[in-house]
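Side chains included, hydrogens not; waters and symmetry mates left out as well; all remaining heavy atoms used.
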Amino acid sequence: MTANQYVEEFMANLIAKNPGEKEFHQAVKEVVESVAPYIVESPQLMKMKVMERIVEPERIIMFRVPWVNDAGEVCINKGYRVQMNSAIGPYKGGIRFHSSVNLSILKFLAFEQTFKNSLTTLPMGGGKGGSDFSPRGKSDMEVMRFCQSFMNELFRHIGPDTDVPAGDIGVGGREVGFMFGQYKKLRDEFTGTFTGKGRSFGGSIMRPEATGYGACYFGQAMLATRGESYEGKTVCISGSGNVAQYACKKARELGAKVVTMSDSNGFIYDPEGIDDAKWNYIFNLKNVKRGRIKEYVSQYPNAQYFEGQRPWSIKCDIAMPCATQNELNGEQAKELLKNGCTCVVEGANMPTTPDAIAAFQAAKILYSPGKASNAGGVATSGLEMTQNSMRLGWSAKEVDERLHDIMTGIHEMCVKYGTEEDGYINYVKGANIGGFMKVADAMLAQGIV
Ligand code: NDP
Ligand code: 2IT
């Protein structure tokens, strides 16, 4: 069987068995295309149906989340945890609270997480959870009641050696704190069952910074392959949440000028660049006031706000999509290329559509998939788990050095498995093969489970 035949048959089966789950199909297709040449050459992988098993979650928990809002009304949301793969460690991955959350999105995220976690070299399996609840516009007490109700069911399915959740879209320090508090009350145990916890109760220093910083460290390594760096470059960032904020901060520290940030309503363009004072304003606006990015232009009138648009029309050298899946499409990729963009570093999960990835790769620019470049967040979660097990905490310097080493290690893995005949580094191929190898090896060793 040829690799192409394998991909075709595999995808036809997957789509028949998981109808309508378009984000899940998209994520699987990309990985299967990368690993198919290896699979068809390996009688073991074929016979033991390793890839067929990887795409079937080990377990999915779905539950009702009833809660009462400040007006005294009863509200009902859906709760999920996808426990995808535990071959190399306990299930590990974030929880997403966003109105768009559904099973397809959580399955794609849990699938990606499995390979990403493998790339970090730390012992973490893959999982993801969430709810169609949106914290936006809710009071702190509403968010707390929701988190407690969510945990009233999830607590029995997670644990420090079973499944360790963390944050994702709509879940930051506040939500993790509420969920951890309820978990601890119900279980009557103080363990490192969540990561991204507050510093006063076992959270790792640098976890909030880790995803954005890690993405920039990965970007640095990519640029270095062409003798370049962030110094003097113009950067467009999408999103204005956790990942976007710290990607912005580190890119600036490395000498770049960040000119855009966004939210789901639109983007701001500041041609002068987001300096430290402006960064502090955004941090306060998003994390304390919980406001919208358009408010930036009232404070800084030299900037412009573009309602309903994404930042990819702005001229830049480096693009860092840090908001959500499929937020950079083929047309926008062409525009970035036309404007001279030479490097795309994903902070979000699957933000670039397949036709946009194809355009970047055809133009031979630097392009890294999120499972490689945003792995710094979960890697630092892994470091938080280690610190919790040892019941001690490392310094910022120590965590940052480990994060840096892990990101350069992932980069090396991508170079090893992704370098093509003409020398072009195909980071998609490199990350998918590099992530797959360890999981497949562990699954083969553990028998048909
Ligand atoms: P946050 O909730 O902190 O921020 C999300 C940002 O993206 C907000 O600015 C939000 O705007 C915007 N956004 C969310 N949904 C959409 C949408 N449908 N269309 C346009 N904009 C949207 O989340 P994070 O920063 O934590 O996560 C961002 C991305 O990074 C996600 O893809 C996540 O999976 C990924 N990621 C996160 C990690 C982490 O450690 N937190 C680790 C690795 C990856 P609005 O306020 O309008 O919703
Ligand atoms: O997508 C991701 O890697 C995350 N949201 C972080 C997961 C984690 O467990 O820290």
Would you mind reporting whether [Y] and [X] have side-chain heavy atoms less than 4.5 Å apart?
{"X": "T225", "Y": "L366", "result": "yes"}
{"X": "P271", "Y": "N302", "result": "no"}
{"X": "I433", "Y": "Y38", "result": "yes"}

Main chain of [Y], side chain of [X]: is a donor-acceptor contact present, judged purely on distance under 3.5 Å?
{"X": "T408", "Y": "H404", "answer": "yes"}
{"X": "E33", "Y": "E30", "answer": "no"}
{"X": "E58", "Y": "S86", "answer": "yes"}
{"X": "K185", "Y": "F180", "answer": "no"}
{"X": "Q332", "Y": "W312", "answer": "no"}
{"X": "Y424", "Y": "I365", "answer": "yes"}
{"X": "N374", "Y": "A348", "answer": "yes"}

>> N388: which residues meet the side-chain contact (heavy atoms from CB on, under 4.5 Å) condition with it, sequence neighbours left out?
In response: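 Scan of N388 (side-chain contact (heavy atoms from CB on, under 4.5 Å), adjacent residues dropped) gives K197, E384.
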
> Can you name the residues that form a side-chain contact (heavy atoms from CB on, under 4.5 Å) with A221, not counting sequence neighbours?
Replying inline: H411

Could you state the interatomic distance from [atom1] ([X]) to [atom2] ([Y]), rounded to the nearest 0.5 Å?
{"X": "T260", "Y": "D270", "atom1": "OG1", "atom2": "CG", "result": "10.0 Å"}
{"X": "R145", "Y": "N69", "atom1": "CZ", "atom2": "CG", "result": "7.5 Å"}
{"X": "M51", "Y": "L14", "atom1": "CE", "atom2": "CG", "result": "9.0 Å"}
{"X": "R96", "Y": "S134", "atom1": "CZ", "atom2": "OG", "result": "12.0 Å"}
{"X": "L122", "Y": "T386", "atom1": "CG", "atom2": "OG1", "result": "6.5 Å"}

State whether [X] and [Y] are salt-bridged, where the test is any N-O pair (Lys NZ or Arg NE/NH1/NH2 against Asp/Glu carboxylate O) under 4.0 Å.
{"X": "K289", "Y": "E295", "answer": "yes"}
{"X": "K249", "Y": "D276", "answer": "no"}
{"X": "R252", "Y": "D275", "answer": "no"}
{"X": "K397", "Y": "E401", "answer": "yes"}
{"X": "K128", "Y": "D168", "answer": "yes"}
{"X": "E56", "Y": "R53", "answer": "no"}
{"X": "K233", "Y": "D317", "answer": "no"}

>> Over 60° means perpendicular and under 30° means parallel, so tell me whether F306 and F267 are parallel, tilted or perpendicular.
In response: parallel

> Which word best sums up how the rings of F111 and F115 line up, parallel for under 30°, tilted for 30 to 60°, or perpendicular for over 60°?
Replying inline: perpendicular

> What's the shortest heavy-atom distance between T352 and P321, and which atoms?
Replying inline: OG1-CG, 4.4 Å

>> Between F133 and W67, is the ring pair (Phe, Tyr, Trp, His ring centres under 6.0 Å) condition met? List the steps.
In response: CA-CA 11 Å; F133 168 82; W67 57 284; 5.3 Å; yes

>> Please enumerate all residues that pass side-chain hydrogen bond (donor to acceptor under 3.5 Å, both in side chains) together with Y246, with sequence neighbours excluded.
In response: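 Y246: no side-chain hydrogen bond (donor to acceptor under 3.5 Å, both in side chains) contacts found.
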
>> As a quick check of understanding, evaluate ring pair (Phe, Tyr, Trp, His ring centres under 6.0 Å) for F178 and F146, giving each step before the final call.
In response: CA-CA 9 Å; F178 290 148; F146 174 81; over 10 Å; no

>> Does the structure place the NZ or CZ of K184 under 6.0 Å from the centre of the six-membered ring of F190, at an angle of no more than 45° from the ring's axis?
In response: no

Verify the distance criterion only: is there a donor paired with an acceptor across the side chains of [X] and [Y] at less than 3.5 Å?
{"X": "K371", "Y": "N432", "result": "yes"}
{"X": "R136", "Y": "S264", "result": "yes"}
{"X": "N326", "Y": "E23", "result": "no"}
{"X": "Y300", "Y": "E272", "result": "no"}
{"X": "Q387", "Y": "S204", "result": "yes"}
{"X": "Y217", "Y": "D405", "result": "no"}
{"X": "N349", "Y": "K116", "result": "yes"}

> Between T342, L328, I318, which is the residue that forms a side-chain contact (heavy atoms from CB on, under 4.5 Å) with L336?
Replying inline: L328

